[in-house]
Each structure stands twice: as structure tokens, then as C-alpha cells.
Amino acid sequence: SAIDRLGDMIAEASVVVPFTGAGISTESGIPDFRSPGGLWSRNQPIPFDAFVARQDARDEAWRRRFAMESVFKTARPGRGHRALANLYRAGKIPAVLTQNIDNLHQASGFAEHDVVELHGNTTYARCIGCGKRYEIDWVKWCWDRTGHAPHCTACDEPVKTATISFGQAMPEAEMHRAAELAKQCDLMLAIGSSLVVWPAAGLPITAKNSGAKLVIINNESTDQDELADLVIRYDIGEVLGPFVGN
Ligand code: OAD
Ligand code: ZN
């Protein structure tokens, strides 16, 4: 079966690097972006320049974020996260490259510095001017008092979830580290991503161009399927469940 084939490829590889998208977290109750019922089917994304320019855009962004708070707070790693953490503990996986912002790779047992977050993290906030960190609960406390998204207590610039919005610069150190890991691995697992958002979607191609094998696990087809050595078009929890260990 395809799962046996995946097991063989993992066994034969010495460095396996996963590249994950929102599909690995749907089992944890977090909606993805582009599926029917996904976040972008309900709302248009708020671009970074709008967030910077307009208080009403910032308020809308925070209103949406607060609406998701109980989902992010209670979400637990699924079988996909746990399988990757198991391979990480076994020394097969040096780090995970993720487009996800939900902190679930860390929660599954990856050390903080071995989760390369390409699109940031929504479980805390930062000032877009000076980078000062704020907790979501503090932002909510300000919101409840004023009815608006807060500004930084140090420099007065807007406070935003620590995520990368469309139009916002990619995190340079993370992109660099991700590209290095993509070049070093001999097996890349692209898991639960539509592979349409760039530059992140270039990472499986970088891996492939550097001689790695590529496996795509996703329940719909992607533009990179022809490039892959193995495509498993099936539920991630079911495919990776056998690798969870104990
Ligand atoms: P998408 O929503 O674009 O793609 C998720 C993919 O996972 C879809 O192809 C789903 O079919 C698939 N999927 C969902 N649940 C699955 C399951 N249980 N088993 C198998 N497949 C499943 O999410 P991403 O590719 O992560 O960026 O999106 C990339 C970026 O677009 C995000 O990081 C975010 C978004 O806009 C920013 O906000 C900058
Ligand atoms: Zn500031």
C-alpha cells in the first residue's frame, strides 16, 4: 500500500524534513483556508497594508481572532503532529517547516527552535513597529475596555498577531533556515498544503532540485503532484496514524 511505501521511504532516508500546511491541523478542529468551509471561503484576508493604515481593519482582524480564541486554546495535536514528533524524537526529523500559526508542532513535542514558522504564530501578538511581545489575553483586556485593537505601550504602533499577513515581509531567518533544511534533506514530506502560497510553496521544489525525494500527502491534488515521487491523496490522520508510536 501507499502507507507501506511511505514507511519504506522514511526508513531509507537519513534526513526527513516535513513541510506542513493547514490540512495537518483540521483533525484538531482548526479550519484550513481553501477547503469549502475554510477561512477564506468565509472572509477575505485582510492585507498587511490595510491593517497598518486603518483602525477599522485592525478591529476587524482582532474581532476574527477573538472569535477563534477558544478553538486555538483548546486544540490538541492530531495524529499527523504526533507522528512527526515521534520521528523527531527518533532522530529522523531535524526540524519541521510549517506554514501553520497554531503552535501545535510545539505542543506535540518539537523544541521551540526546531519549528521553523514561515508564517508566524497566532498564539501571541507583537507590535508591528518595535516587535514588543504581547499576550492575546492582554489584547482582549484592552479591547474589552476600549472597544478597539490596542497600540504598543512602548512605541504606539499597532499590535498584531505574530503572523505574516499577505503583503507583509517574510521572516528572513526562518526562510533561510527552511531553504537550508530543504537542501539538506533526502526526503521531504509536504503534508496538508494546497501549495499555492509563495515563497513557502517553493520549498518542496528546492528539496527536489537538491536531490531529495518528495512525498505529498493531501486529500486534494496540487500543482506539484507531477514532481512528487509519491502522492497520497488521503486523510492525513489515517496516513500518519501508523507512525504515531506510543
Ligand atoms: P490551504 O487551506 O490552502 O490547504 C490545505 C490543504 O489541506 C487543502 O488542499 C485541503 O484539501 C487539505 N486538507 C485539509 N484537511 C485534510 C486532511 N484531514 N487530510 C488531508 N488533507 C487535508 O492551507 P495552506 O496550504 O496551509 O498564509 O495555506 C497556505 C497559506 O495560505 C497559509 O499559511 C496562510 C494562508 O493564507 C497566510 O496567511 C500568509
Ligand atoms: Zn512598539
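One-based numbering along the sequence shown.
Panel note: side chain Gln55, backbone Ala149; a donor-acceptor pair is recorded below 3.5 Å. A donor-acceptor pair is defined here as one N or O able to donate and one able to accept, closer than 3.5 Å; no such pair exists between the side chain of Arg233 and the backbone of Ile217. At least one donor-acceptor pair under 3.5 Å links the side chain of Arg65 to the backbone N or O of Thr122. No side-chain donor-acceptor contact under 3.5 Å links Asn219 to the backbone of Asp235. The backbone N or O of Ala111 lies less than 3.5 Å from a partner atom in the side chain of Tyr88, making a donor-acceptor pair. No donor-acceptor pair closer than 3.5 Å links the side chain of Glu117 to the backbone N or O of Pro171.
Looking at residues two or more places apart in sequence or on another chain, you find a side chain to side chain contact (heavy atoms under 4.5 Å, CB included) between Asn209 and Ile205. Cys127 meets the side chain to side chain contact (heavy atoms under 4.5 Å, CB included) test with Cys130, Lys132, Tyr134, Cys152, Cys155, Glu157; sequence neighbours excluded.
Counting heavy atoms from C-beta outward, Leu39 and Asn43 have side chains that stay 4.5 Å or more apart. When side chains are defined from C-beta on, Pro94 counts as touching Val17, because their heavy atoms get closer than 4.5 Å. Counting heavy atoms from C-beta on, the side chains of Ile10 and Val215 never come closer than 4.5 Å. Tyr234 is not listed as a side-chain neighbour of Ile3, based on a closest heavy-atom distance of 4.5 Å or more. Between Ile24 and Leu84 the shortest side-chain heavy-atom distance falls below 4.5 Å. Residues Val16 and Leu187 are in side-chain contact: their nearest non-hydrogen atoms beyond the backbone lie under 4.5 Å apart.
A ring pair (Phe, Tyr, Trp, His ring centres under 6.0 Å) check over residues 44-78, counting only residues at least two apart or in different chains, returns the pairs Trp62-Phe66, Phe66-Trp143. Counting only residues at least two apart or in different chains, side chain to side chain donor-acceptor pair (under 3.5 Å) contacts with residues 16-32 comprise Thr20-Thr98, Thr20-His105, Ser25-His81, Ser25-Asp102, Glu27-Arg79, Asp32-Ser35. Residues in residues 5-16 take part in these side chain to side chain donor-acceptor pair (under 3.5 Å) pairs, two or more places apart or across chains: Ser14-Asp186.
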### Query
Under the side chain to side chain contact (heavy atoms under 4.5 Å, CB included) criterion, do Asn86 and Val244 qualify, and how do the steps go?
CA-CA 6 Å; Asn86 190 36; Val244 164; 5.8 Å; no
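Heavy atoms only, all atoms of each residue included: His151 and Val159 are closest at C-CG2, 3.8 Å. Contact between Gly147 and Asp59 at its shortest, heavy atoms only, is O-OD2, 4.2 Å. Closest approach of Phe19 to Pro204, counting heavy atoms only: CD2-CG, 3.8 Å. Considering every non-hydrogen atom in both Ala75 and Leu104, the closest pair reads O-CD2, 3.6 Å. In terms of heavy atoms, Pro150 sits closest to Trp138 at CG-CZ3, 3.7 Å.
We find that Asp144 and Lys140 are joined by a salt bridge, their nearest charged nitrogen and carboxylate oxygen being less than 4.0 Å apart. Salt-bridge check for Glu180 with Arg177: failed, with every basic side-chain N at 4.0 Å or more from each acidic carboxylate O.
Between the side chains of Lys160 and Gln168, at least one donor-acceptor pair of N or O atoms lies under 3.5 Å.
The CG atom of Leu118 sits 13.0 Å away from the OG1 atom of Thr163 when rounded to the nearest 0.5 Å.
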May I have the list of side-chain donor-acceptor pairs in residues 188-198 shorter than 3.5 Å, sequence neighbours left out?
{"residue": "Ser193", "atom": "OG", "partner": "Gln99", "partner atom": "NE2", "Å": "2.9"}
{"residue": "Ser193", "atom": "OG", "partner": "Leu195", "partner atom": "N", "Å": "3.0"}

